[in-house]
Q: 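Below is the structure I would like to discuss, written out as structure tokens.
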Amino acid sequence: SEVGMKSSPLFFIEGGDLTDVADASRPIRSISGGVAELGGGVTLGITSGSVFETEAGARLTVEAVTQSSSMAKVTSGSPKVGEKARLVGYRFATEPLRVNVAGIDEESAAALAQSLGDTKDVVLVQEEDAFSHLLLRRRGNELRVVGSDGFMRHEGLGTGRAGAADLAGKLRQEAAAKQLADMENPAQDFGVSISLEAGKTAFGIGETVSFHATSERAGYLTLVDLGTDGKVVMLFPNAHQPSMKIEAGQTLSFPTEEMGFELQIFPPVGRGMVRAFVTPEPLDVPMNGEYPEGDERFAAAIAAAVMKAAGAVDGAVRLDSWSTASLVYDIHN
């Protein structure tokens, strides 16, 4: 049935969110020996290496973070106690995909761990009640992957050694989707919005779909689909249009009638996400096919391209030059 705009993320993430902090500014509580204590820490999503700046132009780089405070080295200027410092550069901390294996047999769990090898993108969780993004479940001779939101991600997977390589590949794919799903701009200076035709967010197999994106500032638009199976596909730009300029206040649609094709909904059912990025320069991503797609390496390439286009401030990703938005959608039978 038709549903309104979903607010539930593709992956439920532990930790804070600086977008909840007005203007992403934090008070300076104290200063000693060239190190300032800022109010707010892990619970607000502040990361080591991120850069703050006061209205007077003093700059501080975070060196250590606790649950409720951050210690930042004064790198320029003379900040004062009581001033507010605004987040201007962000150091993204890549969190692994946590996969709960308490619901499958020991042989399958051991074979999966061996297939994953030394990857740091996926962490297997043994405790049944521990926080996890994905849950593995066994039914007869098959394994299923279920999201923490209750949506089925994969089913009909083999058990034991025979199915381990396939399962490991799918989890790496999910880790890639998570990396881009997590890539928020916690202090973006301009708005970006994305919607689907007629505001729909739920679709049946075989329906057609079109996207509409608007930006408050001129830049270059990128649309990335994080599919219901975790596949990462770059919709826009593509081999036909290697870059797409969007003007301030303009709404771009994809696909347009002039493109001469439609986007059709395909299985599997479940929940996916589309991310929109608006950057000052086009993203430098290899066009490997009509609509580039790939695994965690492709996702990492997109993330790196966004950060390169955004620019840096003292080694952290500059935040005032780019913006992002996301849309969660459901596919049903």
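Along the sequence shown, residues are numbered consecutively beginning with 1.
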Q: With rounding to the nearest 0.5 angstrom, report the CD1 to OH distance, Ile265 to Tyr329.
A: 7.0 Å
Q: Can you establish whether the number of heavy atoms outside Arg29 located under 6.0 Å from its atom CZ is more than 12?
A: yes
Q: Can you tell me how far CE of Met307 sits from CD1 of Ile302, rounded to the nearest 0.5 angstrom?
A: 11.5 Å
Q: Stepwise, does the salt bridge (Lys or Arg N to Asp or Glu O under 4.0 Å) test hold for Asp149 with Arg271?
A: CA-CA 9 Å; Asp149 55 7; Arg271 175 166 290 176; 3.7 Å; yes
Q: Salt bridge check: are Arg59 and Glu53 linked by an N-O gap of less than 4.0 Å?
A: yes
Q: Any donor and acceptor pair, going by atom type alone, linking the side chain of Thr54 with main-chain N or O of Ala58 inside 3.5 Å?
A: yes
Q: Go through it in stages, so that I can follow the logic: the residues are Thr75 and Asp314, the test is side-chain contact (heavy atoms from CB on, under 4.5 Å), and I'd like the CA-CA distance, side-chain angles, deciding distance and then a yes or no.
A: CA-CA 9 Å; Thr75 57; Asp314 292 352; 4.0 Å; yes
Q: For Ser323, does its backbone N or O pair with a side-chain atom of Gln188 as donor and acceptor, under 3.5 Å?
A: no
Q: Can you check whether Gly41's main-chain N or O pairs, donor with acceptor, with Ser68's side chain at less than 3.5 Å?
A: no
Q: Can you check whether Leu136 reaches Leu134 side chain to side chain, under 4.5 Å on heavy atoms?
A: no
Q: Among the clusters formed by ILVMFWY side chains lying less than 4.5 Å apart, do Val81 and Phe52 turn up in the same one?
A: yes
Q: How close do Ala164 and Ser115 get, counting heavy atoms only, and between which atoms?
A: CB-OG, 3.3 Å
Q: Could you state the interatomic distance from OG (Ser148) to CG (Leu135), rounded to the nearest 0.5 Å?
A: 7.0 Å
Q: So do Thr201 and Val328 actually touch side chain to side chain, heavy atoms under 4.5 Å?
A: no
Q: Can you check salt bridge (Lys or Arg N to Asp or Glu O under 4.0 Å) on Lys200 and Glu207, steps first, answer last?
A: CA-CA 11 Å; Lys200 293 181 64 175; Glu207 285 191 62; 2.5 Å; yes
Q: Does some side-chain heavy atom of Thr208 sit less than 4.5 Å from a side-chain heavy atom of Phe203?
A: no
Q: Taking all non-hydrogen atoms of both residues, which atom of Val278 and which atom of Arg217 are closest, and how far apart?
A: CG1-O, 4.2 Å
Q: Show the numbers, then the answer: is there a side-chain contact (heavy atoms from CB on, under 4.5 Å) between Tyr291 and Met234?
A: CA-CA 6 Å; Tyr291 295 96; Met234 194 160 72; over 6 Å; no
Q: Do NZ/NE/NH1/NH2 and the carboxylate oxygens of Arg275 and Glu184 come within less than 4.0 Å?
A: yes
Q: Looking only at heavy atoms, which two atoms of Leu87 and Ser50 are closest? And how far apart?
A: CD1-CB, 3.9 Å
Q: Is there a path of hydrophobic side-chain contacts, each under 4.5 Å between heavy atoms of I, L, V, M, F, W or Y residues, that connects Met152 with Leu97?
A: no
Q: Could you check whether Arg144 pairs with Glu155 (Lys NZ or Arg NE/NH1/NH2 to Asp/Glu carboxylate O, under 4.0 Å)?
A: no
Q: Quick one: does any side-chain atom of Ser321 pair with a main-chain N or O of Ala310 as donor and acceptor, under 3.5 Å?
A: yes
Q: Is Asn100 reaching over with its side chain to a backbone N or O of Glu127, donor-acceptor style, under 3.5 angstrom?
A: yes
Q: Less than 3.5 Å apart, any donor N or O on the side chain of His133 or Glu174 sitting next to an acceptor on the other?
A: no
Q: Ignoring hydrogens and angles, tell me if any N or O in the side chain of Arg91 forms a donor-acceptor pair with the backbone of Ile46 under 3.5 Å.
A: no
Q: Taking C-beta and beyond as the side chain, do Val306 and Met183 meet within less than 4.5 Å on heavy atoms?
A: yes
Q: With a 4.5 Å limit on heavy-atom distance, are the side chains of Arg137 and Ile104 in contact?
A: no
Q: Look at the rings of Phe254 and Phe211 and say which category their plane angle falls in: under 30° parallel, 30 to 60° tilted, over 60° perpendicular.
A: parallel
Q: Can you see which heavy atom on Lys245 is nearest to which on Glu247, and at what distance?
A: CG-OE2, 3.8 Å
Q: Tell me whether Glu106 at atom CD has more than 12 heavy atoms from other residues, nucleotides or ligands lying less than 6.0 Å away.
A: no
Q: Compare all side-chain heavy atoms of Glu83 with those of Glu55 and state whether any distance is below 4.5 angstrom.
A: no
Q: Please report the closest heavy-atom contact between Ala109 and Leu124, naming both atoms and the distance.
A: O-CD1, 4.2 Å
Q: Answer yes or no: does atom CD of Gln264 have more than 12 heavy-atom neighbours from other residues, nucleotides or ligands under 6.0 Å?
A: yes
Q: Nearest 0.5 angstrom please: Ser132 OG to Arg98 CZ, how far?
A: 5.5 Å
Q: Please check this pair: side chain of Thr66 against backbone of Ser69, looking for a donor-acceptor N/O pair closer than 3.5 Å.
A: yes
Q: Are side-chain heavy atoms of Leu60 and Val51 found at a separation under 4.5 Å?
A: no
Q: What's the shortest heavy-atom distance between Gly230 and Ala177, and which atoms?
A: O-CB, 3.6 Å
Q: Going by atom types only, do His212 and Ser253 share a side-chain donor-acceptor pair under 3.5 Å?
A: yes
Q: Taking it one step at a time, do Leu196 and Ser210 satisfy side-chain contact (heavy atoms from CB on, under 4.5 Å)?
A: CA-CA 6 Å; Leu196 290 161; Ser210 60; over 6 Å; no
Q: What distance separates His332 NE2 from Ile205 CD1, expressed to the nearest 0.5 Å?
A: 8.5 Å
Q: Are Ile331 and Val146 connected into the same hydrophobic cluster when the rule is that any two of I, L, V, M, F, W, Y join if their side-chain heavy atoms are below 4.5 Å apart?
A: no
Q: Please check: side-chain N/O of Asp166 versus main-chain N/O of Gly163, any donor-acceptor pairing under 3.5 Å?
A: no
Q: Out of curiosity, does Ile246 fall in the hydrophobic cluster containing Leu327 (side-chain heavy atoms, cut-off under 4.5 Å, transitive links)?
A: yes
Q: Hydrophobic clusters here meaning ILVMFWY residues chained together by side-chain heavy-atom distances under 4.5 Å, can you tell me if Val209 and Leu252 are in one?
A: yes
Q: Can you list the steps and then say if Arg138 with Asp105 is a salt bridge (Lys or Arg N to Asp or Glu O under 4.0 Å)?
A: CA-CA 8 Å; Arg138 178 164 180 164; Asp105 59 283; 2.5 Å; yes
Q: Run Thr251 and Thr214 through side-chain hydrogen bond (donor to acceptor under 3.5 Å, both in side chains) and show every step you take.
A: CA-CA 4 Å; Thr251 297; Thr214 303; 2.6 Å; yes
Q: Could you tell me the separation between the CG atom of Leu116 and the CG atom of Asp121, rounded to the nearest 0.5 Å?
A: 10.0 Å
Q: Given 3.5 Å as the limit, does a donor-acceptor pair link the side chain of Arg26 with the main chain of Lys84, or not?
A: no
Q: Quick one: do Asp118 and Lys120 make a salt bridge, cutoff under 4.0 Å?
A: no
Q: Yes or no on side-chain contact (heavy atoms from CB on, under 4.5 Å) for Phe277 and Leu223, after CA distance, side-chain angles and deciding distance?
A: CA-CA 7 Å; Phe277 298 100; Leu223 289 182; over 6 Å; no
Q: Are Thr324 and Val192 side-chain neighbours, meaning at least one heavy-atom pair lies under 4.5 Å?
A: no
